[in-house]
There are 2 protein chains.
Amino acid sequence: MRISTRGQYGLRAMCRLVLLQRAGGSGPVSLRDIAEKEDISSQYLEQLFRGLRGAGLVESVRGAKGGYILARPPEEISVADILRAVEGPIAPVECVESDSVDACCDRKDYCMTREAWIRLRDSMVETLDSINLADLCKPGELGRGSTC
Amino acid sequence: MRISTRGQYGLRAMCRLVLLQRAGGSGPVSLRDIAEKEDISSQYLEQLFRGLRGAGLVESVRGAKGGYILARPPEEISVADILRAVEGPIAPVECVESDSVDACCDRKDYCMTREAWIRLRDSMVETLDSINLADLCKPGELGRGSTC
DNA sequence: ATATATATGACTATTTTACTCAGATATCTA
DNA sequence: TAGATATCTGAGTAAAATAGTCATATATAT
Ligand code: SF4
Ligand code: SF4
């Protein structure tokens with residue numbers, strides 16, 4: 001029951017992007033800068049930012065002095081958004097990925113445990129939807145945001 | 001972000017144990033019966049029941065006509081209990097496994113993302129603690145409990 | 001005795017994860 | 001225009017986790 005490093009790094013990278021963007025004016029932030037601050041390989045970050053870009057959470061600027069910028073204000077980017085972008089659907093078991101009725105498991109209709117997974121998924125989604133980047137990067141509170 | 005088959009099978013097996021126990025009088029239930037009903041290898045179940053027994057959720061009766069019985073009434077066994085028994089601590093990242101201050105990550109003290117994982121863990125634990133075996137095995141509702 | 005069933009430790013194949021590499025493309029600056 | 005900087009893209013790989021098996025010992029009912 002662990003978040004993969006994709007999810008962990010993805011969230012850290014996005015927080016760092018907020019901080020660097022806040023500190024460095026309006027220009028894009030390069031992955032190299034994020035990588036350095038967060039001690040994550042910049043090549044791995046490239047992979048993650050593919051997903052983030054694909055999900056419309058960041059926009060890219062190619063070429064020298066290029067990098068990434070948030071596509072929306074940090075208040076409008078939730079942790080759930082980021083996790084879905086780099087890790088896929090938030091679901092503890094396959095059969096609750098969506099509410100659609102496609103056949104992933106033939107026990108679905110009479111399964112005793114599925115209700116538990118549905119409730120787990122819902123509480124996870126609710127929690128992760130309720131936390132956004134602005135919350136996490138708020139300076140001054142608990143030392144958070146102070147590593148910039 | 002998936003529950004492993006240990007967790008999925010563990011929960012299904014425990015639900016099935018409730019049903020078979022309910023149906024079959026007061027005697028112990030063999031893994032072979034659970035395995036057959038749930039289509040899970042009985043050898044794999046043995047591995048899982050090690051954990052369940054170690055956590056004090058079931059008691060074993062060795063020898064012919066032996067098997068397992070619930071150590072407590074189903075109302076007092078939560079999904080969280082079962083998952084912890086077969087999968088380990090409920091925690092999306094290592095650094096929130098416990099609230100103790102041991103060093104697992106040197107970013108811990110100024111990490112922006114840790115608060116998000118703490119809240120996620122708390123909501124997961126709260127939800128999984130609130131669902132017990134009796135809830136899941138209640139007959140008549142949504143066809144659940146009807147596969148016995 | 002014999003069949004049945006749990007107890008225990010080790011072992012293996014498969015899958016997933018975590019990461020890297022090479023090369024293409026775009027853009028800024030000198 | 002040349003060169004440096006960065007993203008973009010598709011593979012490829014090594015390590016770790018997972019899922020599941022096997023063999024053997026022990027306990028109990030009949
Ligand atoms: S057994 Fe139940 S919970 Fe598991 S995948 Fe099938 S329907 Fe879903
Ligand atoms: S980086 Fe932050 S969230 Fe991740 S393990 Fe370290 S302290 Fe925990």
Side-chain angles (χ1 to χ4, degrees), chain A residues 1-13 17 20 24 26-36 38-55 57-71 83 86-89 91-94, chain B residues 1-13 17 20 24-36 38-71 83 86-89 91-94:
Chain A
M1 208 36 181
R2 286 282 160 82
I3 298 274
S4 68
T5 59
R6 291 177 67 92
Q8 296 180 44
Y9 292 177
L11 183 57
R12 278 169 57 195
L17 174 54
L20 289 174
S26 56
V29 176
S30 74
L31 292 187
R32 199 158 59 86
D33 288 347
I34 296 175
E36 190 184 357
E38 292 294 333
D39 267 314
I40 301 171
S41 141
S42 65
Q43 298 208 290
Y44 197 27
L45 282 180
E46 268 176 39
Q47 197 181 106
L48 302 184
F49 273 75
R50 268 186 235 189
L52 295 168
R53 195 174 105 91
L57 303 182
V58 298
E59 283 166 9
S60 65
V61 179
R62 298 180 69 161
K65 299 279 175 188
Y68 291 90
I69 56 175
L70 289 182
L83 292 184
V86 299
E87 282 208 319
V93 299
E94 192 185 357
Chain B
M1 207 39 179
R2 286 281 159 83
I3 297 274
S4 68
T5 59
R6 293 177 66 91
Q8 296 180 43
Y9 292 178
L11 183 58
R12 277 169 57 195
L17 174 53
L20 289 175
S26 57
V29 176
S30 74
L31 293 188
R32 198 156 60 84
D33 289 347
I34 296 176
E36 189 184 357
E38 292 294 332
D39 267 314
I40 302 171
S41 139
S42 65
Q43 298 208 289
Y44 197 28
L45 281 180
E46 269 176 39
Q47 198 182 106
L48 302 183
F49 272 75
R50 267 184 237 189
L52 294 168
R53 194 173 104 91
L57 303 182
V58 297
E59 283 167 9
S60 65
V61 178
R62 300 181 68 162
K65 300 279 176 187
Y68 292 90
I69 55 175
L70 288 183
L83 292 183
V86 298
E87 283 208 316
V93 299
E94 192 185 357

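By convention in this document, chain letters (A, B, ...) are assigned in the order of the sequence lines, proteins followed by strands, and residues within each chain are numbered from 1. These numbers were taken from a predicted model, which means no experiment stands behind them.
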Practice item. Tell me what B/R53 touches on the nucleic acid: a base, only sugar-phosphate, or nothing, going by heavy atoms under 4.0 Å. Key: sugar-phosphate

A/L17 atom CG is separated from D/dT7 atom P, nearest whole Å, by 11 Å

| field | Exceeds 12 heavy-atom contacts within 6.0 angstrom, atom CZ of B/R32 | value | no

Result for 5'-nearest mapping on DNA chain C, choosing between A/R50 and B/R50, is B/R50

Whole-Å distance, A/Y44 OH to D/dA15 C1', equals 13 Å

When rounded to whole Å, the CG to P distance for the pair A/L45 and C/dT20 reads 10 Å

If you compare every side-chain N and O of B/S60 against the phosphate oxygens of C/dA5 (OP1, OP2), does one of them come in below 4.0 Å? no

So, B/S41 side chain and B/Q43 main chain: donor-acceptor pair closer than 3.5 Å or not?
yes

In whole angstroms, the gap separating P of D/dG20 from CD of B/Q8 amounts to 10 Å

message = Below the 4.0 Å mark, does D/dA19 have OP1 or OP2 next to a side-chain nitrogen or oxygen of B/T5?
response = yes

To the nearest angstrom, the CD1-C1' distance between B/I3 and D/dT18 comes to 14 Å

From CD of B/E94 across to C1' of D/dA17 the rounded distance in Å is 14 Å

Comparing B/Q47 with B/R32, nearest DNA chain C nucleotide closer to 5' gives the residue B/R32

Worksheet item: Base, sugar-phosphate, or nothing for A/Y68, non-hydrogen atoms under 4.0 angstrom?
Response: sugar-phosphate

From CD of B/E36 across to C1' of C/dA5 the rounded distance in Å is 15 Å

Between the CZ atom in A/R12 and the CG atom in A/L48, the distance rounded to the nearest 0.5 Å is 11.0 Å

Would you say A/S4 reaches C/dT16's phosphate, i.e. side-chain N/O to OP1/OP2 under 4.0 Å?
-> no

Per nearest nucleotide of DNA chain D, the residue lying toward the 5' end, B/S41 or A/A64, is A/A64

Atom CZ of A/R6 and atom C1' of C/dC19 are separated, to the nearest Å, by 11 Å

In this structure, CD of B/E87 is separated from CZ of A/R2 (nearest 0.5 Å) by 10.5 Å

Pair of N/O donor and acceptor under 3.5 Å linking D/dT26 base with B/R62 side chain: yes

Quick note, B/E46 side chain, CB onward, closest among D/dT21, D/dC8, C/dA7 is C/dA7

Which of A/L52, A/T5, A/I3 passes side chain to side chain contact (heavy atoms under 4.5 Å, CB included) with A/V86? Answer is A/L52

